[in-house]
Every structure is written in C-alpha cells, then in structure tokens.
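Below is one structure; the comments refer to it alone.
Counting starts at 1 for both ligands and their atoms, following the listed order.
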Amino acid sequence: MHTHEETYRQLEEKNRLAELGGGADKIEKQHKAGRLTARERILMLLDPNTFVEMDKLVTHRCKDFGMEKNKIYGDGMVTGYGKIDGRLVFVFAQDFTVFGGTMSRANAEKVCKAMDMAMKVGAPVIGLNDSGGARIQEGVESLAGYADIFYRNVMASGVIPQISAILGPCAGGAVYSPAMTDFILMVKESSYMFVTGPEVIKTVTHEEVTMDELGGAMTHNTKSGVANFAAENDEQLLMMVRELMSFLPSNNMEDPPTQPCTDDIMRQDESLQTVIPTDPNKPYDMKEIITAVADNRNFFEVMPHYAMNIITGFARLGGKPVGIVANQPAYLAGVLDINSAIKGARFVRFCDCFNIPLITFEDVPGFLPGTNQEYNGIIKHGAKLLYAFCEATVPKITVITRKAYGGAYCVMSSKHIGGDVNYSYPMGEIAVMGPEGAVNILHKGKLSEEKRAEAVEHYRDTFASPYKAAELGYIDEIIYPKETRIKLIQALELMQNKSKTNPPKKHGNIPL
Ligand code: HXC
C-alpha cells in the first residue's frame, strides 16, 4: 500500500520525466541550434498560464529495433490547448529532443485527438513542426499516422483555421500536412521544407543545392509561394502567429473578432488627394493608401515577399477585421500574372471561408502578355482569381484608384461578379484597354503622328475615366481619395447583415 505522499510523488516523477523530453543534452543541442524546445514554444505562443497538456504520458508501442526498451513519456509530441488573447486554440508541437520529433503511430493519435476535439468545439489548430519525418522504426504505422492527420486537415479546411509553423526540418511526405493548412510560417535559416532533399536530388538530377537554397524560409517565401510568412527566429514567428490569430474567427460559424477602435472613423487623409501621380504611367506605392485607411495604420501583410504585384493582408476598419487585396503599381505596374492570381485567389477563398469582408484596391493595367505566361497556363491560373471573387459571398467592396482595364477590370471584384459597393477615384480609368493600344487597333496605322496623338487624347478624355462606368451604374460613387476610410467603414456597416448563399452543390470545380 502506498502512502498519499508516495502516490503523488509517482505522478510528479512521471510529469517531470515527460517535461524533460529527450534530456538535458538534447535540450542544450536544440538551444545551441538557436531553436526553442516544443514546450518553450507553446508557452511563448499562448497566454500565460493557459496551457493544458493532453496525453502527456503517452508512449509508443513499437517493439522493433529494440524500441521497446526506449520509451519517453509524450513520445516526441506535445499536444493540448490554451488561449491566445483569451480565445481557445489547440496546439501540437513536435519535440525534436525525443527521437528527432519523428512521427510515430502513438503521437499521430495525439495530434488526431487534438484535431478532433478542435473540430468538436470549433477552435483553431496550430501545429509547431520540427521533425525528422516518419519514424523509421515504425514503418507503415508512421505513414498511417501521417495519413490520418492529412485526412483531418482536409475535413477541417474551411471549418476551423489551421496554422503551420515550421521551426526546424519538415521533409518528405510530412510537408503535406502543413501544405493543406491555411497559413505556413517559417524561420529563416533554421527551418526547411522539401519533398526530396539535396542528397536525393543530387543522385537523380545531378543538381547541387543546399538545404536552405532548396527549402529554406526565403525560398518558400519568394520562389515557390509555399510559405506565407518568414520570421527571424522562433520568438518572432510565434508572435506573428498571435497577430495573425487576432484577425481570425475561431471557426466558420463565427464573425472575426472585433477590437475597440481607437482611431477616428471620420479621419480624412489629405495626402491621399495627391498620392496618385498625374502621369498615368508613373508608379506609386499602393501600401500608402492601405495604411492611410486602416485603423491605426496597421496592415498585417500575408505573403509580402511573393508576387509583389498583388498585395494581400489583414487590417481593421472601425475595429472590424477585413481582408485586403490590392494591385501594386510599384511592382510590374501591378499587372496580373500567374503567381499573383494564385496568391490573390487563395487569400480571397480564405477570407470567404471565415466570414472576413474583402476590400479590393484596384490599379491594374491588365494581364501580363508573353509566351511564358501563356504556356504556363495564365488562362487557368488567372481564372482562379476570377472564380474566387465570383464565389465569395462575404461583403465585397472595391475601390478603383486608377487603372481598371480589360478582363482584369471584371476580375477584380467588379459589380458584375458580385461587388457590393464599388467606388472609383476621379482619376479612375475604366475601359477595354489603354488609349495607345485602343487607337492602334481602331486605326491600324492609318493616321499621321499628329492625328494619332489627337485620337489618343480623345480616347483618353472619353473612355479612360470612371464616368462611363458611373453613368451605367457599374460604379456606385466617385469618391475623393481623402475620404476613403470613412467610405469603406460606411460600406462595411451597410453590408453588416449581408446574407448571400451560392446554389447548393457538393463543391464547385475551381480551375486547378
Ligand atoms: C527515426 C530519426 C529520424 C527518423 C532523425 N531521427 N530522423 N529517428 N526516424 N526519420 C533521430 C536520429 O537518429 C537522432 O536520434 C535524432 O533523431 C536527432 O537526429 P540527428 O540526425 O542527430 O539530428 P540532426 O543532425 O539535427 O539532423 C536532423 C535531420 C536528420 C536532418 C532531420 O536526422 C535526418 O536526415 N533524418 C532523416 C530524415 C528522413 O529521411 N526522414 C524520412 C523522410 S520521409 P538520437 O537517438 O541519435 O538522438 C518521410 C515520409 C513521410 O518523412 C511520409 C508521409 C506520407
């Protein structure tokens, strides 16, 4: 018979062992690599004293390779729940100090339990990835564990926000769980993701590439578009997750969380009156408009390093979160191309899943011409953005700041595809194409240089303005740039109770 003291001491000891993970040496190695441990990460991510650990004493059940003699409580995965800004979230964190954070049958079950519970109560799941991949000793049981998680990622998609932080290795098929979540954040020079590593690539294609070049944070933030955010270190990444969460509802049945608005909703910004250059060929930075309009000038950009000709991100207007999609005239003249269409489409669909109104700032000269774009499928990829805007039923408010030409006019949340409130600045140019191109086609070299210049001027005065569209009711109002903030807040208020549903169907068939 044990005394009470002995009983409690036994529990204490088990908890101590679980918290020690792979032991002091492994923790030191983790720290030396500039990385935090799984538990340190969770504690940094969540509000103080809110973490509740689940399945702390789970161990693996492998009997091969002598594994039965090598068990560690928790089995290399820390799971549980806690709060961010007082709101419930579920967390799982791979513990690299235990068997390299590898996926076992037992710890995959821990992740599945947390995900199932998150679905039951409608709370987001945040995964902190740092793992050597499938636990080789467990063979197909490990693969089964991954596939169980993949399935849940897809079932949870569009129901609860899912966020993946990559804080170390994430290789092979393991990348496909993060790939199916809503956002991926990576730490520079300390995390990497790839399906096949440098060694395999060298054997198969004879290419020589380092881990960081192949799958580091900046590769996926600039080249592949796999990741949405890059952080300098673990701590910065975890703070980015907290900020991201502040814009998101807990599930698809809730509205995003409102914050008290400390910024005057009537605030006008005189600098916006002259932000658009008088020369229509001159670039300007669309972010100046976005920050001037947002509450407290706070704009949380998503994918800031990728396809910079389109800007995506979150802000608040009158305390309410909005998703912003904007062409960026300061980069490739704000043209739409394959990468920007995919980036924009994915963001629009995320916002629509989670009831986040969409604000579109438009200055787009059209789609990017070229064989490269055509051969790589600008037709189907451009269609993604069009499809996403058409399908979205959240409030959609558009501000044309300058150019809105051709198909790109239709795509960028125009009235015709369900734009609820469509504004234009007086310098808007809404037409089939720019004056030069239009005159060249209409007169096919039949005009003298002088007459041609006259025709261009005439076209510009007649068509390259917002007034034709306003006469037709395609634009609801021509607004002064300085009053953009209040106009957007009014439109959001107008649309507050918008309730629109698309026809019932199993699912649409977005061009992939
Ligand atoms: C079992 C593993 C392991 C694995 C690492 N470890 N990977 N154990 N299965 N896949 C163990 C190591 O033996 C070591 O144990 C501990 O984890 C730490 O690993 P180190 O190699 O010492 O760390 P480091 O030098 O930092 O290198 C990390 C690493 C390397 C780059 C991740 O460990 C590595 O290349 N691992 C193999 C990666 C891999 O090929 N995984 C399978 C990918 S395919 P001790 O006891 O010495 O501390 C895959 C398919 C998923 O994952 C399919 C899903 C559908």
Side-chain angles (χ1 to χ4, degrees), residues 17 20-38 41 59-78 92-112 115 127-154 164-181 184 186-187 189-204 209-217 219 226 234:
L17 286 173
L20 197 57
D25 291 353
K26 294 266 163 59
I27 292 173
E28 199 189 326
K29 198 175 160 200
Q30 182 81 350
H31 286 161
K32 276 214 173 111
R35 296 177 180 142
L36 299 173
T37 65
R41 286 168 177 159
T59 54
H60 68 73
R61 302 180 292 267
C62 180
K63 294 195 179 65
D64 298 309
F65 302 98
M67 285 294 277
E68 67 277 14
K69 291 190 238 60
N70 190 5
K71 294 193 181 197
I72 296 177
Y73 289 129
D75 201 32
M77 183 78 78
V78 184
F92 66 87
Q94 292 169 327
D95 182 352
F96 196 83
T97 69
V98 179
F99 308 123
T102 49
M103 189 65 80
S104 69
R105 183 77 213 167
N107 69 27
E109 281 165 7
K110 290 175 59 167
V111 175
C112 290
M115 291 180 80
L128 309 180
N129 294 265
D130 183 359
S131 164
R135 190 172 298 168
I136 293 165
Q137 297 90 330
E138 295 212 10
V140 69
E141 288 205 57
S142 168
L143 301 185
Y146 274 116
D148 285 341
I149 295 169
F150 298 160
Y151 181 75
R152 281 167 175 76
N153 285 137
V154 175
S164 298
I166 316 294
L167 301 132
C170 181
V175 297
Y176 286 112
S177 174
M180 288 192 296
T181 62
I184 296 181
M186 296 183 74
V187 180
E189 284 158 29
S190 146
S191 70
Y192 48 89
M193 298 177 80
F194 39 70
V195 173
T196 51
E199 286 307 315
V200 178
I201 290 184
K202 198 169 161 189
T203 321
V204 178
V209 63
T210 65
M211 294 240 230
D212 199 52
E213 280 164 4
L214 180 64
T219 296
V226 164
D234 287 15

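A side-chain N or O of D130 and one of Q30 form a donor-acceptor pair less than 3.5 Å apart. S131 and T102 are not linked by any side-chain donor-acceptor pair at a separation below 3.5 angstrom, with hydrogens and angles left out of the test. For the 3.5 Å distance criterion, the side chains of T210 and D212 fail to qualify, holding no donor opposite an acceptor. R35 and S190 share a donor-acceptor pair across their side chains, judged by distance under 3.5 Å alone. N153 and S177 form a side-chain donor-acceptor contact under 3.5 Å, judged by distance and modelled atom types alone.
The local environment of NZ in K202 is sparse, with at most 12 non-hydrogen atoms from other residues, nucleotides or ligands closer than 6.0 Å.
Listed by chain and residue number, the protein contacts of ligand 1 are K26, K29, F96, F99, G100, T102, G132, G133, A134, R135, I136, Q137, L143, Y146, F150, P169, A171, G173, A174, Y192 (heavy atom within 4.0 angstrom).
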